[in-house]
K.L.:
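Structure incoming, see below.
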Amino acid sequence: RSFNPAVGFRNSLIISIGSTALAVYFSSLTAYALVAYDWKLRQPFFSFIMCVMMIPAQVTTIGFYQMVYKIGMTNHLSMLILPAIASPTMVFFMRQYLQPTLSMEIVQSARIDGAKEFMIFNRIVLPIMKPAIATQAIFCFVGSWNNLFMPSMILATDAKKTLPLFVQMLRSDQFKTDYGVLYIGIAVTILPIFIVYFILSKYIVAGVALGGVKE
């Protein structure tokens, strides 16, 4: 049985980019709803998010796999992308960033001018949150790219496996240990992380600096 590293690279890229985009956008949207709107269950909802943050991911792994198996979605890349919509830790970070940063006067002015709510969020709020978005995007991309546990459970065929799984296969008894190929695989695995970091790293400094003086 052979495994194509290019296929693994493509699968890892699809999963990492997809999960990062979903996590960043929907977490920002949820944080905006918690900050900009005054609704009855806002505080209980935020308390629920805080409680979910305290639950280790390993606790829900068996239940998640059983659900995926029952709906017949094993060996689908989407099952490693769609769960990123619910990211309580990122929601908490985005809310803490947005609270001292967002000016409700700007939002009210946009509403008076006739802007719809999603247009306000996409055109005004997201640019304001750019440092926080870039910072969380780096962490989310790295975590998704290096994820070995969940793909090893969900993905069964070689055509669906990710690059970290390929590196793991190189170290198993299935292949003769060729350290040259192994090190090349590790280097290729690390390369996209460096690229994403160097592209977005300038926003980390901006986000940390703003967080340090927000009080």
Side-chain angles (χ1 to χ4, degrees), residues 9 11-37 42 45-58 60 77 80-104 106-107 110 117-151 162-164 187-215:
F9 186 89
N11 293 338
S12 292
L13 204 61
I14 292 172
I15 294 171
S16 299
I17 293 177
S19 60
T20 299
L22 289 180
V24 166
Y25 184 82
F26 284 97
S27 296
S28 301
L29 187 63
T30 305
Y32 175 66
L34 288 170
V35 173
Y37 298 101
R42 181 173 65 173
F45 180 72
F46 179 68
S47 300
F48 173 75
I49 292 175
M50 295 292 292
C51 292
V52 173
M53 285 176 55
M54 301 177 186
I55 302 176
Q58 291 80 3
T60 61
L77 298 182
L80 297 171
I81 298 175
L82 295 179
I85 292 177
S87 181
T89 304
M90 193 178 297
V91 171
F92 173 77
F93 180 89
M94 295 297 189
R95 176 186 177 272
Q96 297 303 108
Y97 178 88
L98 198 58
Q99 272 188 326
T101 307
L102 180 63
S103 174
M104 289 306 298
I106 298 177
V107 176
E117 293 300 318
F118 272 101
M119 181 180 293
I120 295 173
F121 175 73
N122 292 324
R123 299 288 184 85
I124 298 176
V125 178
L126 282 183
I128 293 175
M129 300 180 67
K130 189 180 294 184
I133 289 174
T135 303
Q136 288 299 304
I138 293 174
F139 296 140
C140 185
F141 183 91
V142 171
S144 179
W145 183 269
N146 291 332
N147 190 9
L148 179 65
F149 180 61
M150 288 305 299
T162 60
L163 200 57
V188 173
T189 303
I190 296 174
L191 183 61
I193 297 176
F194 278 108
I195 293 175
V196 171
Y197 176 78
F198 284 125
I199 292 175
L200 301 177
S201 60
K202 62 180 180 180
Y203 295 107
I204 294 182
V205 178
V208 172
L210 182 58
V213 300
K214 67 180 181 180
E215 297 297 335

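The basis for the numbers below is simple: all heavy atoms, side chains too, and nothing from hydrogens, waters or symmetry mates.
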K.L.:
Check whether any side-chain heavy atom of S87 sits under 4.5 Å from a side-chain heavy atom of C140, and report yes or no.
P.N.:
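Side-chain contact under 4.5 Å: no.
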K.L.:
Is any side-chain heavy atom of N147 closer than 4.5 Å to a side-chain heavy atom of M150?
P.N.:
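Yes, close enough: below the 4.5 Å cut-off.
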K.L.:
Cation over ring, R95 on F46, under 6.0 Å and within 45°?
P.N.:
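Yes - R95 lies over the ring of F46, closer than 6.0 Å to its centre and within 45° of its axis.
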K.L.:
On a heavy-atom basis, which atom in P131 and which in T135 lie closest, and how many Å separate them?
P.N.:
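The pair with the smallest heavy-atom distance is O-OG1, 2.8 Å.
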K.L.:
Working to the nearest 0.5 angstrom, can you tell me the gap between I133 CD1 and L126 CG?
P.N.:
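It is 4.5 Å, given to the nearest 0.5 Å.
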K.L.:
In Å and rounded to the nearest 0.5 Å, what is the CD1 to CG distance from I14 to L77?
P.N.:
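So the CD1 of I14 and the CG of L77 are separated by 6.0 Å.
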K.L.:
Taking the side chain as every heavy atom from C-beta outward, state whether T162 and W145 have any atom pair closer than 4.5 Å.
P.N.:
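With C-beta onward as the side chain, the pair stays apart.
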K.L.:
Among residues at least two apart in sequence or on other chains, which ones pass side-chain contact (heavy atoms from CB on, under 4.5 Å) with P127?
P.N.:
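If we apply the side-chain contact (heavy atoms from CB on, under 4.5 Å) test to P127, skipping adjacent residues, there are no hits.
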K.L.:
Run the numbers on M129 and L98 for side-chain contact (heavy atoms from CB on, under 4.5 Å), then give the verdict.
P.N.:
CA-CA 7 Å; M129 300 180 67; L98 198 58; 3.5 Å; yes
K.L.:
The criterion is side-chain contact (heavy atoms from CB on, under 4.5 Å); which residues satisfy it with S19, sequence neighbours excluded?
P.N.:
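For S19 the side-chain contact (heavy atoms from CB on, under 4.5 Å) partners, ignoring immediate neighbours, are A84, S144.
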K.L.:
Taking side chain to side chain donor-acceptor pair (under 3.5 Å) as the definition, give me every residue that meets it alongside Q99, ordered by chain and number, with sequence neighbours left out.
P.N.:
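Scan of Q99 (side chain to side chain donor-acceptor pair (under 3.5 Å), adjacent residues dropped) gives none.
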K.L.:
Starting at CD1 of I85, measure out to CG of L22 and round the result to the nearest 0.5 Å.
P.N.:
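The CD1 atom of I85 sits 5.0 Å away from the CG atom of L22.
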K.L.:
If you take all heavy atoms of L163 and F9, which pair is closest and at what distance?
P.N.:
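Shortest heavy-atom contact: CD2-CD1, 3.8 Å.
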K.L.:
Pairs under 3.5 angstrom only: tabulate donor-acceptor contacts from the side chains of residues 118-125 to other protein residues two or more places apart or in another chain.
P.N.:
residue, atom, partner, partner atom, Å
N122, OD1, Y25, OH, 3.0
N122, ND2, F118, O, 3.0

K.L.:
Quick one: side-chain contact (heavy atoms from CB on, under 4.5 Å) partners of P88, sequence neighbours excluded?
P.N.:
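Partners of P88 under the side-chain contact (heavy atoms from CB on, under 4.5 Å) test: I49, V52, M53.
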K.L.:
With heavy-atom distances below 4.5 Å as the criterion, would you say the side chains of R42 and Y37 are in contact?
P.N.:
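Of all side-chain heavy-atom pairs linking Y37 with R42, none is under 4.5 Å.
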K.L.:
Side-chain donor-acceptor contacts of residues 26-34 below 3.5 Å, not counting sequence neighbours, with atom names and distances?
P.N.:
residue, atom, partner, partner atom, Å
S27, OG, A23, O, 2.6
S28, OG, V24, O, 2.7
T30, OG1, F26, O, 2.8

K.L.:
Quick one: ring-ring contact (aromatic ring centres under 6.0 Å, His included) partners of F45, sequence neighbours excluded?
P.N.:
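In terms of ring-ring contact (aromatic ring centres under 6.0 Å, His included), with neighbours along the sequence ignored, F45 is linked to W39.
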K.L.:
Do L80 and P151 come close enough that some side-chain heavy atom pair is under 4.5 Å?
P.N.:
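A side-chain contact exists here, since the closest heavy-atom pair is under 4.5 Å.
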